[in-house]
Amino acid sequence: MEIIITPDPAAASHLAARRIARLIREKPDAVLGLATGSTPVTLYKELIRMHREGGLDFSRVSTFNLDEYLGLAPDHAASYHRFMEENFFQGVNIPRGNIRLPDGLAKDVPAHCADYEQEIRDAGGIDLQVLGIGSDGHIGFNEHGSSLASRTRIKTLTERTREDNARFFDKLEDVPHHVITMGIGTIMESRSVVLLAFGAGKADAVAGAAEGPITASNPASILQMHPDAKFYLDEPSAGALERAEYYKWVFKNKPAWQADQ
Ligand code: PGA
């Protein structure tokens, strides 16, 4: 696990975008795992800028999103289909057929989840998974107590997560209780993980994930077991880390060959 503490979300997003761009240049048919929420918006903007101004080509890239609300149609204003369309897909050249999100209107949810897992396997697995982190440490919509070996499935949101996400809806009562999310086991199989966290509201979750015990009470803590997980943080979200000065020193003093990895 590498902890990269940057001055602000723009700097963190820029570094994360550079890492994703390098992957796509090395492997033009890369499979990306994508996240929604406020956190990755600047990252997506930066990737769109790289596509428009730097010729970063997404024409062979495939994507799998982490999650979707159950009961929301793709064109619902708060659906993750719509979020991804507006914040990323309409700005880059990923072929429509290469884009996958869980279907919020799936009739047979377990069968749909099994199909989603199969589609990830058929694509050769996820090369790089983008993650945010909930204020309670959730990744995807894997709430507290989620099995650390879980696969794509239905989950029930906690009240805290519903309240955190209510800003995307007209009112709290409109936030669905149920979602489909990739499991923690699914996320752990991606070859690289890029987790972004911004703001003081994430500080405890980040500290627990990076420096606490591995526990289903902070699902992101399982990333301590991932061979290539990087956290891109701003100063406030790094505010509760005990070893912050060490992480900063490490980042500043990387050997040249390691600097952009
Ligand atoms: P946020 O959500 O980026 O909107 O803070 C993160 C998450 O819940 O994973």
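Counting convention: from 1, in listed order, for ligands and their atoms alike. Given the structure is predicted, the values throughout are model-derived calculations rather than measurements. The figures that follow rest on heavy atoms only: side chains count, while hydrogens, waters and symmetry mates do not.
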Numbering the atoms of ligand 1 from 1, which are under 4.0 Å from a heavy atom of G132? 9 (O)

Kindly indicate whether the side chain of F198, heavy atoms from C-beta on, has any atom under 4.5 Å from the side chain of T6. no

Going by atom types alone, do S62 and R100 pair a side-chain donor with an acceptor below 3.5 Å? no

Answer yes or no: is there an ion pair linking E85 with R96, defined by an N-O contact shorter than 4.0 Å? yes

Atom 5 (O) of ligand 1 sits nearest the protein heavy atom K202 NZ, 2.6 Å

I'd like to check which ligand 1 atoms, numbered from 1 as shown, lie under 4.0 Å from a non-hydrogen atom of G37. 3 (O), 4 (O)

Identity and distance of the protein heavy atom lying nearest atom 6 (C) of ligand 1: I133 O, 3.5 Å

Should D127 and R191 count as an ion pair when the cut-off is N to O under 4.0 Å? yes

Would you mind reporting whether V41 and K45 have side-chain heavy atoms less than 4.5 Å apart? yes

Are the charged groups of R82 and E68 less than 4.0 angstrom apart, N to O? no

Around atom 4 (O) of ligand 1, find the nearest protein heavy atom and jot down its residue, atom name and distance. R167 NH2, 2.7 Å

List the closest protein heavy-atom neighbour of atom 3 (O) of ligand 1: residue, atom name, distance to the nearest 0.1 Å. T39 OG1, 2.4 Å

Can you find an N or O of H138 that's nearer than 3.5 Å to an N or O of ligand 1? yes

